[in-house]
J.: 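First the structure, which I've put down as structure tokens, then a few questions once you've had a look.
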Protein chains: 2
Amino acid sequence: MLKFKYGDGVIKKDKQTTRERILDAAEELFAHKGYEGVSIRQIMAKAEADVSLAYYHFKSKRDLFNEIMLRRVEILNDIRLKALEAVEERHPGNAPSVEEIIDAFTHPLLDLLAREHEEWKYYFQLIAHINNSPDWGGELMTRYFDPLVRRFLEALKKALPDCDDADLYWSYHFLSGALTLTFAETGRLDNLSGGAAKSSDMASVVDRMPKFLAAGFERLCKK
Amino acid sequence: MLKFKYGDGVIKKDKQTTRERILDAAEELFAHKGYEGVSIRQIMAKAEADVSLAYYHFKSKRDLFNEIMLRRVEILNDIRLKALEAVEERHPGNAPSVEEIIDAFTHPLLDLLAREHEEWKYYFQLIAHINNSPDWGGELMTRYFDPLVRRFLEALKKALPDCDDADLYWSYHFLSGALTLTFAETGRLDNLSGGAAKSSDMASVVDRMPKFLAAGFERLCKK
DNA sequence: GAAGAATTTCAACGATCGTTGAATAGTAGT
DNA sequence: ACTACTATTCAACGATCGTTGAAATTCTTC
């Protein structure tokens with residue numbers, strides 16, 4: 001029998017620490033099959049390490065998952081907050097345009113995904129997965145991302161001072177859905193468009209998304 | 001030991017067929033925990049039926065899942081197609097507005113979800129789940145929904161004759177993400193808005209969504 | 001009410017699950 | 001060489017997994 005019969009691919013042992021190999025392997029597998037769809041044994045086979053090492057480096061399967069989420073979330077919050085502050089400093093006194101604010105919200109993510117695709121692809125797919133799960137999506141997304149989202153909503157409120165709260169929050173909801181489906185990279189768009197648009201072509205969506213969404217915000221908030 | 005220790009709720013045996021009770025129980029559980037997160041034993045406990053009956057009425061777990069998808073998809077395709085045809089007949093000769101077309105795409109779903117919430121809630125959550133899954137989302141969504149989507153894209157192409165294909169397909173992609181997150185009813189919007197907007201309030205989103213999305217289509221397709 | 005088909009019950013299979021404890025190997029400072 | 005700590009290996013636990021075959025029951029039709 002094969003020593004590692006579970007994974008198709010394998011995380012190279014090269015320079016990485018065992019802990020990192022486990023995180024990488026688990027991140028990729030969770031992104032593809034979901035939390036319950038992947039076993040510790042599959043993860044450790046892909047990471048080329050013994051099963052019990054998962055429980056040595058992390059306390060449990062659930063803790064391993066949380067650690068995957070935590071590993072990258074601060075980087076994302078940092079670059080997005082800095083992008084927003086840069087936009088605001090560019091317009092001292094008055095509010096930036098809606099499109100500029102949304103661009104600060106989406107551009108850092110899509111750009112990161114474009115430039116370091118292999119590194120971030122699975123993490124974004126995981127977020128997309130969670131964002132659309134009614135159950136444990138709630139707590140996770142709230143804790144990790146809501147503070148930043150509130151910061152952006154304040155900026156948008158200044159740019160759209162006459163906007164009803166309900167209109168604003170629903171607009172953000174639409175934004176959130178569009179953004180997460182985009183970096184889920186499901187390939188459905190490729191199939192549907194017959195090649196006219198590619199899910200993985202972040203460079204081609206990075207400008208389109210804020211343009212599209214800003215128009216929505218502005219029309220919905222128009223008195 | 002309890003006879004049915006798995007499910008929290010239970011599908012009443014009343015008037016329904018065993019087959020229907022299994023489908024209902026499985027639909028709800030799959031929507032909450034995902035395909036791999038639910039066992040046949042949990043499903044049959046909730047349906048108050050013996051485990052082996054799942055394999056009598058359906059060949060396998062996978063087949064049960066496919067049957068859940070098939071059970072309601074024709075109804076959805078029917079009402080959406082009829083809504084589009086009604087809009088087109090209202091504008092003989094020339095094309096309907098972008099907002100009217102999008103409304104025909106989204107309104108039937110949101111209205112159905114509003115009026116028969118308990119009946120459709122879990123099915124829509126399941127679709128949201130699948131739409132954001134890179135793996136087996138692809139084939140399923142393509143087979144069941146793409147023909148109708150292509151029909152809508154043709155209508156939109158007529159309403160936006162100067163639109164680049166790439167712009168049109170990306171716009172639809174944003175629409176798809178916004179729509180599926182909306183009927184996922186994750187509750188995240190409620191939490192974020194502090195009550196100003198409610199995920200489950202379909203009546204309040206049914207007009208906002210086409211308005212928001214039509215603005216996006218039009219600005220992105222503007223020459 | 002007998003015959004035949006459809007449905008339900010019961011018991012079990014091999015495989016895999018998350019998790020653990022104890023033994024072994026590797027590394028650093030003294 | 002000895003110690004202390006970290007990292008890894010090996011073997012196993014009880015529970016649950018998807019699935020099945022055969023017997024028992026209920027339903028339908030004459």
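Order of the sequence lines fixes the chain letters, A, B, ..., with proteins taken first and strands second; residue numbering starts at 1 for each chain.
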J.: Among D/dT9, D/dT20, C/dT9, which nucleotide sits nearest the side chain of B/Leu53?
T.: C/dT9

J.: Taking only the side-chain heavy atoms of A/Asp50 (C-beta and beyond), determine which of D/dT9, D/dT6, C/dT19 contains the nearest atom.
T.: D/dT9

J.: So if I take every side-chain heavy atom of B/Tyr56 and compare against C/dT20, D/dG21, C/dT7, which nucleotide ends up nearest?
T.: C/dT7

J.: Quick one: A/Ile22 CD1 to D/dT8 C1', roughly how many Å, whole number?
T.: 11 Å

J.: Would you kindly give the CZ-to-C1' distance between A/Phe30 and C/dG18, to the nearest whole Å?
T.: 12 Å

J.: Rounding to a whole Å, what distance do you find between B/Arg41:CZ and D/dT20:P?
T.: 13 Å

J.: To the side chain of B/Tyr55, which of C/dT19, C/dT7, D/dT19 is closest?
T.: D/dT19

J.: Would you mind checking if A/Lys82 and A/Glu89 are paired as a salt bridge, meaning a charged N to carboxylate O distance below 4.0 Å?
T.: no

J.: Whole angstroms only, please: what is the CD1-P distance between A/Ile40 and D/dT16?
T.: 18 Å

J.: At under 4.0 Å, does any side-chain N or O of A/His57 touch on OP1 or OP2 of D/dT6?
T.: no

J.: Would B/Asp103 and B/Lys211 pass as an ion pair if we require N to O under 4.0 Å?
T.: no

J.: Just checking, A/Lys198 and B/Tyr169: is the charged tip under 6.0 Å from the six-membered ring centre and within 45° of the axis?
T.: no

J.: Rounded to the Å, how far apart are B/Glu48 CD and C/dT8 C1'?
T.: 14 Å

J.: Is it true that A/Glu20 and A/Arg71 have a side-chain N and a carboxylate O under 4.0 angstrom from each other?
T.: no

J.: Report the distance from atom CZ of B/Phe58 to atom P of C/dT7, rounded to the nearest whole Å.
T.: 12 Å

J.: Could you give the CZ-to-C1' distance, from B/Arg62 to D/dT19, as a whole number of Å?
T.: 15 Å

J.: Distance check needed: D/dT19 P versus B/Lys61 NZ, whole Å only.
T.: 8 Å

J.: Between C/dT16 and A/Ser39, is there an OP1 or OP2 to side-chain N/O distance shorter than 4.0 Å?
T.: no

J.: Among A/Lys121, A/Arg72, A/Lys46, whose salt bridge (Lys or Arg N to Asp or Glu O under 4.0 Å) with A/Glu27 holds?
T.: A/Arg72

J.: Would you say C/dT8 has OP1 or OP2 under 4.0 Å from some side-chain N or O of B/Thr18?
T.: yes

